[in-house]
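To keep things clear, I will list the structure first and then write my remarks on it.
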Amino acid sequence: CGVHDKAFWSHYHAIGMARRKKYDDELTMAERENQPLLEGTVPTSLGLPEYRPPEGYLVPTYSESGELVGGDFFRKSWKPMLNSKWELLKERAPYYVPVLKWLPNYSFALFRRDLVAGLTVAVMIVPQGLAYSALAELPDIYGLYNGFVPVLVYAIFGMCPQMSIGPEAVCAILTGALLIDEDDVNERIILSSVLTFLTGALTLFFGLFRLGFIDSLLSRPLIGAFVLGSALVIMIEQIHNMAGIPKYDAITRLVGNCTETMLPPACNTTITYDAGSHTTYGLLEHFFNHISDTKGYTVAYSLITATFLVGLNFARKGFPKSMVLRFFPGILVAVIVGSLVSYLTNGKDNYDLAVLGEVSDGFFTPRFPQLTLKRIGKAIGPALTLMIVGFVESSATAKIYSTKYNYLTSPNRELVALGLANVLGSFFGAFPTFASLPRSAMNDMANVATQFNGVIIFIVVLLTQAVMLPLFAHLPRAVLAGIIFSAAVSLVHFDQIQFMARVRGYVDLALMAAIFLLTLFTTIETGIVAGIAISMLLILRNTTLPRITILGRAQDSNIFCNVSDHPEAQRRDGMLVVRIEQPLHFANTGQLKDTLARIEMHGDMSAHPAQAARMPPVAAVIFDLSDMVSVDPCAVQILFEIIRSYRNRDIKIALVNLRAENKEIFLRSGLIELVGTHHIFSSIRAAKEFLEGEATTSSSYPVSITDSEQTV
């Protein structure tokens, strides 16, 4: 009973002593030997309920005379209790902090695999970080911050060793969509930190409150359409950089050491935008209006880089077993070769080639995001969008590799890990960070062993910020644009479209087309919001439709089956037998009355409501409730109204297979009284015979039969 009060147990012991004396008087020693007491319990033979002392209390010991000689209930044994709590903590801690699971068994063999995988991903993440900064409308160095603290945090709290988090194209472009209206680069940096903090806080909140089911909000076709649209948006975003055409019409103010060849946001500027340039259509219009400004040398760099990387990706797919292609550092080679050619030809001065230049501020001074109501109001919507999209992509990545390698991941724990990565990353300058599917695939191909590969990446990014940034001074921005373009090409897949066409999922294809066009010709945020809204409407539509099956008896048997699947099943005129095939709640009972009325009039749901009734009047209705595992008060109220309406029309009602967990609420609501206890049965046949007047009893107890019956 869990009561630890000393007075209570003194009284309990006194009663026990009196009954023990009676026990000694009535039983012989042999009988006592044949009734051993359960160790650690109060003797049940004393007439007292069996009781095991609370955890941490000593077990009582009795003498031959029945005296309590040791281990009373009033003195705690702290050592067993602490040991028990410690064992429980050791058992559960690795689930909440996964590093405690793999680190104790870490070996040099695992380290070698993680070292190779970490270096392989690091040579991708450094140039990608520099490139995606432009998508996020932030200074170049800020993309590297995404591969710094967030990667280390996920290595500690993440459950999927193959997952590579860090700079990611869709997250970068969503961040840039918020920051593009800010002219002051310092305000962009502040707002980016606020956005990252809010994204992480929302993600952490959803994880702590076990809301990991949000990864089911977007169906696969809608995700496919969104990713496809986002890929094309990213490509269109890069055509200006690939052609050497500024996306901005004018730079009205230059601050510090900025030059006109340094496009925003590489320097602190005030920018005048071309009208409509914030949208995909506006970017295309601006590009074609300024196509005469194309720089051939820049185009050559970008096209060679993009063609090389896209060709390498296709080669890897064509020859998946080739170890040379698998580990060939294509992005790193593109960066090195591009930088060398730019340096040797002095492309900046001789060919007006935009280069990365001196990247200052290698380390971000940790600070708490500068939260204000205005910034929170501006960033909370994009933060929610980023959280959903980022987690859906990350969850899909985790599911792919947990299925492939047969280990368990928890959506809730992944939410916590990603939330902490973003919250702590916001203190160190990172913009919103989630999984990258291409880098995760590379991580897997490199045969990663544990999350320690994140520590390797962290060290490489740290060294890059500390000593290697000057090596990127001559890196052409056209090469970075080619890297981003090739990454966008890798996101283009038509598998979902082909599958939906093969199974004739025309509704899904239409939805995919709508989301794709919205994403392409408005904004990515509009596409995401529309996708979520459509998914929610589809979920509500499927949830609110009551699932009811009309049953009939199969010929020469007691099996009742679905008449839609078995037209030969016998249906008696004037009697309707229906089975409710789902739990009933407020959402799916709104249309229950109309559904039953249509079945009563037309015999099925396929008939149009405007058609004249084609079924004879119903005299009795049997409800099979075997699949109704739960019911809420609102649903009971609607059922009460439906059955009362039937009774007012002198239609007989019978309930079959009422589940035990629903009986109490049926009793409290008066529904059983309305139906009548003699109209509750354990089988459809018994109810049918009773309502036909063939039953031999009308007692107040449910009728039962011995013949077996099945429903299908």
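In this chain, residues are counted from 1 in sequence order. We use all heavy atoms of the structure for the numbers below, so side chains are in, but hydrogens, waters and symmetry mates are not.
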Taking the side chain from [X] and the backbone from [Y], do they hold a donor-acceptor pair closer than 3.5 Å?
| X | Y | result |
| --- | --- | --- |
| N422 | T196 | no |
| N453 | L115 | no |
| R439 | I125 | no |
| T307 | I304 | no |
| E182 | D184 | no |
| S394 | A435 | yes |
| D114 | T450 | yes |
| R188 | E137 | yes |
| S133 | G143 | yes |
| Q451 | G158 | yes |

From [X] [atom1] over to [Y] [atom2], what is the distance, rounded to the nearest 0.5 angstrom?
| X | Y | atom1 | atom2 | result |
| --- | --- | --- | --- | --- |
| F157 | E414 | CZ | CD | 12.5 Å |
| H474 | N346 | NE2 | CG | 8.0 Å |
| C160 | Y154 | SG | OH | 5.0 Å |
| I388 | S395 | CD1 | OG | 13.0 Å |
| Q128 | S164 | CD | OG | 8.0 Å |
| M163 | T397 | CE | OG1 | 5.5 Å |

Just wondering, do [Y] and [X] contact through their side chains at under 4.5 Å, heavy atoms?
| X | Y | value |
| --- | --- | --- |
| F431 | N146 | yes |
| V335 | V123 | no |
| P432 | L195 | yes |
| T203 | L386 | no |
| L284 | I239 | yes |
| T305 | F485 | no |
| V492 | L228 | yes |

Which pair of heavy atoms, one from [X] and one from [Y], lies closest together, and at what distance?
| X | Y | result |
| --- | --- | --- |
| V355 | S342 | CG1-OG, 3.7 Å |
| A306 | S486 | O-CB, 4.3 Å |
| I245 | I291 | CD1-CA, 3.9 Å |
| I165 | A421 | CD1-CB, 4.1 Å |
| A530 | L518 | CB-CD1, 3.6 Å |
| L144 | Q465 | O-NE2, 4.1 Å |

**Asked** Checking side chain to side chain contact (heavy atoms under 4.5 Å, CB included) for the pair F434/T199: CA distance, chi angles, key distance, verdict?
**Response** CA-CA 10 Å; F434 288 95; T199 302; 3.8 Å; yes

**Request:** Show your reasoning for whether side-chain hydrogen bond (donor to acceptor under 3.5 Å, both in side chains) applies to Y401 and N443.
**Result:** CA-CA 11 Å; Y401 294 109; N443 213 10; over 6 Å; no

**Item:** Candidate list L469, L356, T464, test side-chain contact (heavy atoms from CB on, under 4.5 Å), partner I141, passing option
**Value:** L469

**Asked** Got more than 12 heavy atoms from elsewhere within 6.0 Å of OH, Y95?
**Response** yes

**Prompt:** Among Y132, F427, F364, which residue meets the ring-ring contact (aromatic ring centres under 6.0 Å, His included) test with Y145?
**Reply:** F364

**Prompt:** With F209, which of F205, F206, F213 fulfils ring-ring contact (aromatic ring centres under 6.0 Å, His included)?
**Reply:** F205

**Request:** Report the C-alpha distance between D140 and F472 in whole Å, list the side-chain angles of each, state the deciding distance to 0.1 Å, and finish with yes or no for side chain to side chain contact (heavy atoms under 4.5 Å, CB included).
**Result:** CA-CA 11 Å; D140 302 301; F472 296 96; over 6 Å; no

**Prompt:** If we ignore angles and hydrogens, is there a donor and acceptor under 3.5 Å between the side chains of Y297 and T345?
**Reply:** yes

**Item:** N241 vs R477, side chain to side chain contact (heavy atoms under 4.5 Å, CB included): CA-CA, chis, key distance, verdict
**Value:** CA-CA 7 Å; N241 294 332; R477 291 187 176 275; 5.9 Å; no

**Message:** Set out, in order, the CA-CA distance, both residues' side-chain angles and the distance that settles side chain to side chain contact (heavy atoms under 4.5 Å, CB included) for N289 and H286, then state yes or no.
**Reply:** CA-CA 5 Å; N289 288 338; H286 183 273; 5.6 Å; no

